[in-house]
Amino acid sequence: MEKYSIQKLFQSALSETNNPLHVPLYQLKAAQAIGGCRTSSMGSHTQYCEKGHLCGVYFNSCRHRGCPQCQFTAKERWLAQWSARLLDVQHHHWIFTLPHELLPLWRYNREWFQDSMYRAVSKTIKQLSGAKGHLNAQPGYLLALHTWGRSLSEHPHIHCLITNGGLNGAGDWVKPKRTVMFPVKVMRRLFRGKFLSAVKEALADGDLIFPPDTQSVQIKNLCNKIGRIDWQVYACKPYEHALGVAKYISRYMRGGPIKNSQIMGVKNNIVTFKYKSHQTKKTERKKYPVTQLSQIVLKHLPLKGKQTVRYYGLYHPSISDKLNVARKLNNQTPFIEATIPTWQLIMNKLGVNLSCPECGNKERIALAPNLH
């Protein structure tokens, strides 16, 4: 099998004439950007050492957040910034999943569903954390949207990472009364109720696009049906320290739904990739034609202009004063903006030699972009 990558996958799909890549415009632009990353189509730039010696000419990166090739620097910068902000306390990890019966409606209303999922989860957390019987305090939490399962199936779900405790009205740090913080059954009912209420409101306002041959009454009947079943809210093992939370989020916020290392190869225009199954706990394989796999990967890329990680409570950037009170109560210094690492520092971390080939100077400067 030929060694393959996401970039080569998109390059092959874009060059197909018999089976063209039929995708929305933002996905087509993503495929073109990632397919052209660090190639002549992106133009080039030169790098010099501090003494002015030419160190090399390099093709530009695409900077698309779904690119698995060029997003390591962006990940490291986000990690540096949020590692400095997070409270160094235990964080619970919950996963809120939409029933798959809603997938046909999801496909035609992705932006609405994405925003409504964030609202339903955040309102659930806010209601429970503010209740006297639970926490009666304001925690800090991050929500991250994923639309895929490990096999790249459609599986919209939100990861919630939340502090084990919060700041109450008296300015004290309080911890939850239970080990699991909030009862999972209660979270399921609240999440289900808030999301279905949003669907019914959108139906009444005419805000949703229906799949072919689907009427409003069918959607209402579906809502009634799934309103009687348990929705999936899964409580994972908590993280003991803030750094673990930041590292987990950073792995998924950029680079797309599949890594290059998962692609095993291509033969006769059929791509094989591997993944670890949730069900069997074993490494399994799937095969798709080049164009079909490209379409599957592209539909899981973030919508244009939409954040995939959102911040709430003490972690919302607008209330750093409350965050600092919580940090003091947890024996942490006040939050100050972290120094964002330069690309040179990040390359050094990866063990890349940036020494000038002529004089050995280790400080390198990127200059003079050459677009074409």
Using a strict cut-off of less than 4.0 Å between a Lys/Arg side-chain nitrogen and an Asp/Glu carboxylate oxygen, indicate whether [X] and [Y] qualify as a salt bridge.
| X | Y | result |
| --- | --- | --- |
| Glu154 | Arg107 | yes |
| Asp115 | Lys306 | yes |
| Arg364 | Glu50 | no |

**Prompt:** So, Asn168 versus Gln138: side-chain donor-acceptor pair below 3.5 Å or not?
**Reply:** no
**Prompt:** Parallel, tilted or perpendicular for Trp94 and Phe96, by the 30°/60° rule?
**Reply:** perpendicular
**Message:** Check the orientation of Tyr315 and Trp82. Use parallel for under 30°, tilted for 30 to 60°, and perpendicular for over 60°.
**Reply:** perpendicular
**Request:** Please check if atom CD in Glu111 has more than 12 non-hydrogen atoms from other residues, nucleotides or ligands closer than 6.0 Å.
**Result:** no
**Prompt:** Quick check: are there more than 12 heavy atoms from other residues, nucleotides or ligands sitting under 6.0 Å from CD of Gln232?
**Reply:** yes
**Request:** Provide the full list of ring pair (Phe, Tyr, Trp, His ring centres under 6.0 Å) pairs with a residue in residues 149-181, sequence neighbours left out, each pair given once.
**Result:** His93-His159, His100-His155, His146-His157, His146-His159, His155-His157, His157-His159, His159-Tyr248
**Prompt:** So, is the end of the Arg310 side chain (NZ or CZ) under 6.0 Å from the ring centre of Tyr118 and within 45° of the ring's axis?
**Reply:** yes
**Asked** Looking only at heavy atoms, what is the nearest atom pair of Lys200 and Asn224, with distance?
**Response** NZ-OD1, 4.0 Å
**Request:** Give a yes or no answer on whether the side chain of His91 reaches the backbone of Val89 with a donor-acceptor pair at less than 3.5 Å.
**Result:** yes
